Q: 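One structure is given below, represented as C-alpha cells, and several questions about it will come after.
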Amino acid sequence: MHKPSQMTVFDALYGIAARDGREEALFGRSIELARPAYQKALIGDGYPSAYLEFPLLGEPRFDLLCVHGHVRPGATFEPGAGFGYQAMFDWFSGAGVADDVSCGIELDCGDGETERASVYLQQRIHAELVAPFLESIGEGARAWSYEAVCSRMPTGLPPAYVGLFPGRPGSPLRIGGYLSDSARRACANSPRELARAFDAIGFCAYDGPMLGRCAEFMGEAPSVDFQFDIMADGSLGGTFGLSLSFNETRPREAHACMEVGYGADLMSTLEDWGLADDRWKLIADAAFARHVGFERENGGEGRLALCVLFNYAKIKFTDCNPQPAKFYLVLQASELSG
C-alpha cells in the first residue's frame, strides 16, 4: 500500500468512529456536508486532526474542526477551497511558530453551514502570535479587546487558544485556556473562588446554581478548559464554556473510563442534570489506535499511527442557563519516524 491520501485517512477513521450504529445515534447525516467541507479545509500534504463535536441530547449531528499542526511554506488551497483563509495559512506557515502551536478551520456542519467557516489558533504560551493571527484574517482591530480581557485574567486561568466565529450572532471572538490544577481544585472546593475569577475578568452572567454546577463538574474532572466570548464591541458575551479534558485517556482505557472512571461519573452527572441522555454509553467503542505500514516513494517502508481519541466533554452556560452537553472525538493520523 502506498501512503494513503488525507481523504482516505479521514474516511477510514470516520468509518471506525461511526460504525456499529454510532452514526445514527451520535452523528446523524452531518457527514454528507462535513466530508466535502473537510476536503476544502485541506492545505499542504500533512494529516490534519479532525475534531467531531456532537451533542449528547437532541438530534444527532456534528460540527467539524480541522486543525493543522504544520503547513509547509508556500502551500496553497485547491481552487475554490480554503473558505477565504489562504492569507491565514500564509502567515501560519511562514511565522516560524513553535511545535505546540496549531491553526484550524471550523465548520458548523450540524447547522447546515458549510460556506462560511470559523477559524482557530492554539497559541499556548506564545501570546505574541494572537495579534498577527487576527491581522491575517482581516480582524487586527480586535486584538485590543483580546488583550484587554487577557490583562484581567487571574493566575490559574492562562489563555491558550483563540477562535473567531464570523457567521454567528455578534461575531464572537473566543478566548479559552486550561485551568491550573490548583485553580481547578480551589473552584471545586469553593464556588466563590470561581465567582472571584469571573468578577476579576468582568464576566457577570453567573448565579449561585451555575457556580454550584461548575464546582461539581470541576470536582469530577482531572483537568478543565474554560471559554469566554468577546463580542465585536469588546464586551464579554453572556456565555461561559467549561470542558472536561479526556486527552490523557488512551484508547485501551476508554471502556474503564466510561464504565467505572471519571468519564462515567461525569456523564452520569450530565444525564442527571438533563443535559445528556444515555447515548454517551456508545462513545467508548469509538476509541481506536493502530499502526499501519505503507510503501514510501523511494521503496522504503513507512508507518502511520491511526487513532480515534477522546478529546473532551463540554457544557455551556448562557445567561446562567446550562445548555445540552457535547462531546468531542478527534480523528488523528501521524507518520512515525524511524
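Quick caveat: nothing in here was measured; it's all calculated off a predicted structure.
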Q: Can you tell me how the ring of F310 sits relative to the ring of F327, calling it parallel under 30°, perpendicular over 60° and tilted otherwise?
A: perpendicular

Q: Can E216 and R213 be counted as an ion pair, charged N to O under 4.0 angstrom?
A: no

Q: So, Y328 versus F54, ring centres under 6.0 angstrom or not?
A: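 No: the rings miss the under 6.0 Å criterion.
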
Q: Please find the pair of heavy atoms, one from E139 and one from L164, that lie closest to each other, and give the distance.
A: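 So the two residues come closest at CG-CD2, 3.4 Å.
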
Q: When you check the gap from the basic side-chain N to the acidic O, do D108 and R116 get nearer than 4.0 Å?
A: no

Q: Measure centre to centre between the rings of F240 and F228, then say whether the value is under 6.0 Å.
A: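 Between F240 and F228, the centre distance is under 6.0 Å.
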
Q: Above 12 or not: heavy atoms from other molecules or residues under 6.0 Å from CD of E248?
A: no

Q: I'd like to know if K281 pairs up with E259 as an ion pair, taking the criterion as any Lys NZ or Arg NE/NH1/NH2 lying under 4.0 Å from an Asp or Glu carboxylate oxygen.
A: no

Q: Ignoring hydrogens, what is the shortest heavy-atom contact between E193 and A186? Give both atom names and the distance.
A: CG-O, 3.6 Å

Q: What is the ring orientation for H68 with F89, classed by angle as parallel under 30°, tilted 30 to 60°, or perpendicular over 60°?
A: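 Perpendicular.
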
Q: Do K40 and E78 meet the salt-bridge criterion of a basic N to acidic O distance under 4.0 Å?
A: no

Q: I'd like to know whether Y38 forms a ring pair (Phe, Tyr, Trp, His ring centres under 6.0 Å) with F10, so could you lay out the CA-CA distance, the side-chain angles of the two residues, the decisive distance to 0.1 Å, and finally the verdict.
A: CA-CA 9 Å; Y38 177 79; F10 174 79; 4.2 Å; yes

